[in-house]
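Each ligand, and each atom within it, is numbered from 1 in the order the structure gives.
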Amino acid sequence: MRDCHQEIARWMEPLRAQVRVDAAGNFRGFYPAARPNAPRLLIGSHLDTVPNAGAYDGILGVVLAVSLLEELHGRRLPFGIEVVGFSEEEGVRFGTPFIGSCALVGRLDRELLDVQDAQGISVRKAIEEFGLNPEEIPQTELENDTLGYLEFHIEQGPVLEKLNLPLAAVEAIAGQSRLEFTFLGRGNHAGTTPMHLRRDAMAGAAQWIGTAERVAQGVPGLIATVGKIEAKPGAANVIAAEARLTLDVRHSSDEIRTRAVTDLIRQAQEIAIRRGLSVRESTLLSQRAVAMDPFLTGEIEQAILKTGYKPHRMVSGAGHDAMILVEKVPTAMIFLRTPGGISHDPAESVAGEDIEKAIQCGLYLLDQLASSPEFQERIRRA
Ligand SMILES: [Zn+2]
């Protein structure tokens with residue numbers, strides 16, 4: 001990560017930007033405005049990644065931010081631009097995502113600093129070992145002079161490729177529910193127990209998985225996934241006494257999401273009753289959907305239109321740093337087409353022409369903001 005920071009700092013040298021690494025390990029590179037003390041717009045994404053990753057998730061958003069500044073060719077805007085490369089977005093090391101962006105909204109608190117990795121090293125200790133001072137984390141918090149946050153990110157899904165479009169404006173990040181269901185039946189001999197006398201936990205779970213798929217297929221934008229199942233005792237010749245499975249439900253409307261979850265809990269109970277089973281469920285996560293800033297999203301649509309494409313709006317099914325920044329500042333996201341929808345894998349890629357379109361779109365956006373009465377009002381108020 002240190003090498004990565006140094007490399008980006010080297011790119012930003014000719015821009016005469018002020019670079020530093022903040023106390024939460026985020027890279028920050030500030031490109032000043034035409035006038036001193038003008039407010040700033042943050043542009044960035046995350047620098048960390050997952051094991052066996054691709055080359056674009058996160059980092060592309062930081063590279064694009066630097067490219068945009070290069071394309072200004074020294075031109076100064078009515079607002080400063082701060083390039084941000086977030087630390088620990090994926091949550092690989094500590095099992096907790098968004099650590100770097102949490103610092104900017106004042107949520108990297110004592111509890112989060114005490115979270116430990118597999119070796120028992122806390123976030124606090126890791127920050128110290130990197131040569132930073134956790135006591136300075138409150139100073140990483142965004143000041144009132146922040147106009148907003150803009151993030152370019154690969155879509156990590158197949159939608160834009162299917163639509164044959166290079167870019168999209170993200171209007172919301174989906175809310176997410178994660179639950180665990182356990183169907184309980186009676187274990188018994190697979191050879192001697194007739195079909196009509198079974199209380200097969202696995203068969204009940206399987207029926208319910210089909211139901212979950214059908215429910216999601218019937219509601220536009222609803223996503224439901226059973227990604228994990230575990231049967232006990234787990235032998236080929238034993239009827240399963242217990243089947244434990246996960247459910248992940250996402251939608252941009254919290255109401256639709258929670259209604260779907262309630263419906264699936266009810267259907268699990270009905271299936272269990274019909275089959276002489278019992279079922280219990282527990283909620284592991286219920287995260288609200290977040291809307292992106294309507295003004296910035298509208299401006300992104302205009303900018304996409306100017307690059308020559310239909311401005312498609314979409315909901316992000318994956319979480320991003322933008323989801324955290326939105327708590328404090330107006331936030332917007334631009335998605336880039338992801339060939340094959342493949343991400344978190346070495347095969348992850350982005351077309352060079354799409355990156356060119358993204359830079360073009362970003363430049364249109366910066367110019368639009370610089371001349372927009374609404375944004376000038378925001379600059380005045382900041
Ligand atoms: Zn990412």
### Query
Does a donor on one side chain and an acceptor on the other come within less than 3.5 Å for Gln116 and Ser122?
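Short answer, no.
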
### Query
In Å, rounded to the nearest 0.5 Å, how long is the span from CG of Leu42 to CG of Leu104?
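Nearest 0.5 Å value for the CG-CG distance: 6.5 Å.
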
Name each donor-acceptor pair under 3.5 Å that joins a side chain in residues 276-283 to protein atoms two or more places apart or in another chain, with its distance.
none

### Query
Which protein atoms of type N, O or S are found under 2.8 Å from the Zn ion (ligand 1)?
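Listed by chain and number, the nearby protein N, O or S atoms are His46 NE2, Asp57 OD1, His153 NE2.
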
### Message
Within 45 degrees of the ring normal and closer than 6.0 Å to the centroid, is that where the cationic atom of Arg76 sits relative to Tyr31?
### Response
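Output yes; distance and angle both within limits.
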
#### Entry: Lys306: which of Gln360, Gln368, Glu301 passes side-chain hydrogen bond (donor to acceptor under 3.5 Å, both in side chains)
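The single option meeting the side-chain hydrogen bond (donor to acceptor under 3.5 Å, both in side chains) with Lys306 is Gln368.
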
### Task
For the residue pair Phe375 and Phe79, categorise the inter-ring angle as parallel (less than 30°), tilted (30 to 60°) or perpendicular (more than 60°).
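Judged by the thresholds at 30° and 60°, the geometry between Phe375 and Phe79 is perpendicular.
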
